[in-house]
Amino acid sequence: MNFVKRAALSLLARRAKTALLLGIFLVICTLLLGGFLLQGATSRQEAEAQRRIGVDVTVRGDKLTLATAAALGSSPLVERYNPLLRGAAKPSGLTPLTSDVPKPDDGTEGPGQDGLMLNGIRDSEMLLDFASGRSRIVAGRALSEKDAARRVVLLEQRLADKNELKAGDTVGLRSSDGRRTETFEIIGLYDDPRPDPSQWVAPSELVANQVYAPAPAVSALGFGTKPVTAVFKIGSPERAERLHAEAARVLGGDGFRFDVNDKAFRDQVLPLRRVGAFAGSLLWLIALSGAVILGLIVLLTIKERRDELGMLLALGEKKWKLIGQHTVEVTALLLPALAVAALGAQSFAEEAGETLLAREEHTASLPEVRMEAADLGRVAGIGLGISLVATVVPGVGILRLHPRSILTDTE
């Protein structure tokens, strides 16, 4: 009789043991599939957090200019970058706001502080106030890297209201020495809710007098020789060391300051990484435990069926077919166990992820658990490997069996 057919008949004849093996396989497949789903969900969530949050690196130094910032920003390590070039500009036909607090008579106000503070940037959405939502665009649109070659500005709402300006109007700005004048289009208005300081400050330091324009346009007003501060957004903290080496190469040495701000990234990503690491450890533990448990059951089964094995060997059955029969008996239960596990593994992964993330100090959002064909394939492959290990290893004992000694054994 074919050993595959004998395996089927054996499973039907030993229903209790078949149910036991099926139950063990069901638990193994459910835990394995849940682990893979949780691992995949955390990986996707981590990638999304890296794309959305990233890590900010701030570089300062006397040698950091718009050109060197652009060279460093072109590195494949950098996803986005934003230089900041500041200069006090005098308005042409525009009246800045002034402090409501009386000015002290001590010569506090210096040259160029009676105008506007012109901030040359590349992407206004990368500024901390705009990224955090404290400042927001109320008319027009934000500045972006596409505006690099244009003469456009962002004005604060209070400054625009005082001068009866709106998005689409034009304003004139002069350099602090008055030698250069450029006309700028108001591309947008923003609102910054921060109140004015309780002490007197120069007009150029007031929140409402902060004007944002593309860095090349600010440079054209005569501020291009000033060093800049640049913020570089990278995908993960691991890239910071490599970016530092790039900065040292571009800026020629260590004469610069390199600050990494990865708190927001770590608050979001580290909990996900811990959950993913737990899921990976769980997979190894389940695979090893499942192989050991099934191997012990098969070993006991072989000892209980010594008489059956002796009869088959006496009839001329090959020993490898006896091992194959046990392998088929165990492997045949894998498919129904996997099918049932697919129904409950997603709920298990969601509950496990929610429980693990709830223990974190900075709770991240629950990852989206999504089952894919590749996950089922990996579980099927591991289940097949467990079946082979659990039957072939104990089946080595069959190779030492001799039909005469089994049949004449009276014990």
Side-chain angles (χ1 to χ4, degrees), residues 42-87 118-133 135 141-152 154 187 212-221 223-273 276 364:
T42 54
S43 297
R44 289 191 297 272
Q45 192 77 352
E46 180 181 342
E48 172 62 20
Q50 289 185 356
R51 184 195 65 80
R52 179 172 50 87
I53 302 173
V55 174
D56 288 341
V57 174
T58 303
V59 181
R60 301 177 179 89
D62 293 338
K63 295 183 179 180
L64 185 63
T65 62
L66 290 178
T68 53
L72 192 55
S74 64
S75 169
L77 299 171
V78 177
E79 297 178 356
R80 298 165 66 188
Y81 80 98
N82 200 33
L84 176 60
L85 176 62
R86 305 190 74 197
L118 192 55
N119 299 273
I121 60 174
R122 188 170 186 262
D123 186 351
S124 61
E125 292 183 353
M126 282 192 65
L127 295 171
L128 180 60
D129 289 341
F130 287 91
S132 64
S135 297
R141 64 174 178 85
L143 279 173
S144 70
E145 58 186 69
K146 297 179 181 179
D147 300 312
R150 302 182 63 191
R151 297 291 189 266
V152 292
L154 279 179
I187 198 175
Y212 297 96
V218 176
S219 177
L221 279 176
F223 303 109
T225 58
K226 288 188 174 183
V228 303
T229 298
V231 176
F232 301 89
K233 187 174 289 294
I234 57 179
S236 64
E238 289 77 10
R239 296 184 178 183
E241 185 175 349
R242 293 157 58 193
L243 184 61
H244 185 277
E246 284 280 330
R249 181 184 62 82
V250 172
L251 301 178
D254 296 328
F256 60 91
R257 183 173 174 180
F258 191 92
D259 298 317
V260 180
N261 181 12
D262 60 350
K263 183 179 184 299
F265 177 88
R266 292 187 182 278
D267 287 348
Q268 291 292 321
V269 172
L270 288 186
L272 296 171
R273 287 184 175 178

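Everything quoted here is computed from the prediction, not taken from an experiment. For the numbers below, each heavy atom of this structure counts, side chains included, while hydrogens, waters and symmetry mates do not.
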For Lys233 against Asp56, the heavy-atom pair lying closest together
NZ-OD1, 2.9 Å
Side chains of Leu251 and Val59: closer than 4.5 Å at any heavy-atom pair?
yes
Sort and list the pairs that fulfil ring-ring contact (aromatic ring centres under 6.0 Å, His included) and have at least one residue in residues 68-87, not counting sequence neighbours.
Tyr81-Phe232
Applying salt bridge (charged side-chain N to carboxylate O under 4.0 Å, His left out), can you list everything that pairs with Glu145, at least two apart in sequence or on another chain?
Arg122
OG1-CZ distance between Thr229 and Arg257, expressed to the nearest 0.5 angstrom
10.0 Å
From Leu143 CG over to Ile121 CD1, what is the distance, rounded to the nearest 0.5 angstrom?
5.0 Å
Specify the closest pair of heavy atoms between Ala230 and Ala69, including all atoms of both residues, with the distance to one decimal.
CB-CB, 4.2 Å
Pairwise side-chain contact, Leu85 with Ser219, heavy-atom cut-off 4.5 Å (strictly under):
yes
Would you say the side chain of Ile187 lies within less than 4.5 Å of the side chain of Leu154, judging by non-hydrogen atoms?
yes
Is the shortest side-chain heavy-atom distance between Asn261 and Thr58 below 4.5 Å?
no
Shortest non-hydrogen separation from Leu66 to Ala215 and the atoms involved:
CD2-CB, 3.6 Å
Identify, with sequence neighbours excluded, every residue that meets salt bridge (charged side-chain N to carboxylate O under 4.0 Å, His left out) alongside Asp123.
Arg80
For Arg86, what residues pass the salt bridge (charged side-chain N to carboxylate O under 4.0 Å, His left out) criterion, not counting sequence neighbours?
none
Candidate pair Leu84 and Val231, rule side chain to side chain contact (heavy atoms under 4.5 Å, CB included), full reasoning
CA-CA 8 Å; Leu84 176 60; Val231 176; over 6 Å; no
Thr68 meets the side chain to side chain donor-acceptor pair (under 3.5 Å) criterion, sequence neighbours left out, with Thr65
Please report the closest heavy-atom contact between Arg151 and Ala220, naming both atoms and the distance.
NH2-CB, 3.6 Å
From Phe258 CZ over to Glu241 CD, what is the distance, rounded to the nearest 0.5 angstrom?
9.5 Å
Apply side chain to side chain donor-acceptor pair (under 3.5 Å) to Arg242 and list each qualifying residue two or more places apart in sequence or on a separate chain.
none
Give me the atom names and distance for the closest heavy-atom approach of Val218 to Leu118.
CG2-CG, 3.7 Å
Which pair of non-hydrogen atoms, one from Arg150 and one from Pro214, has the smallest distance, and what is that distance?
O-CG, 3.6 Å
Reported OG-to-CZ distance for the pair Ser75 and Arg239, which is rounded to 0.5 angstrom:
9.0 Å
CZ of Phe130 to CG of Asn82, rounded to nearest 0.5 Å, is 11.0 Å
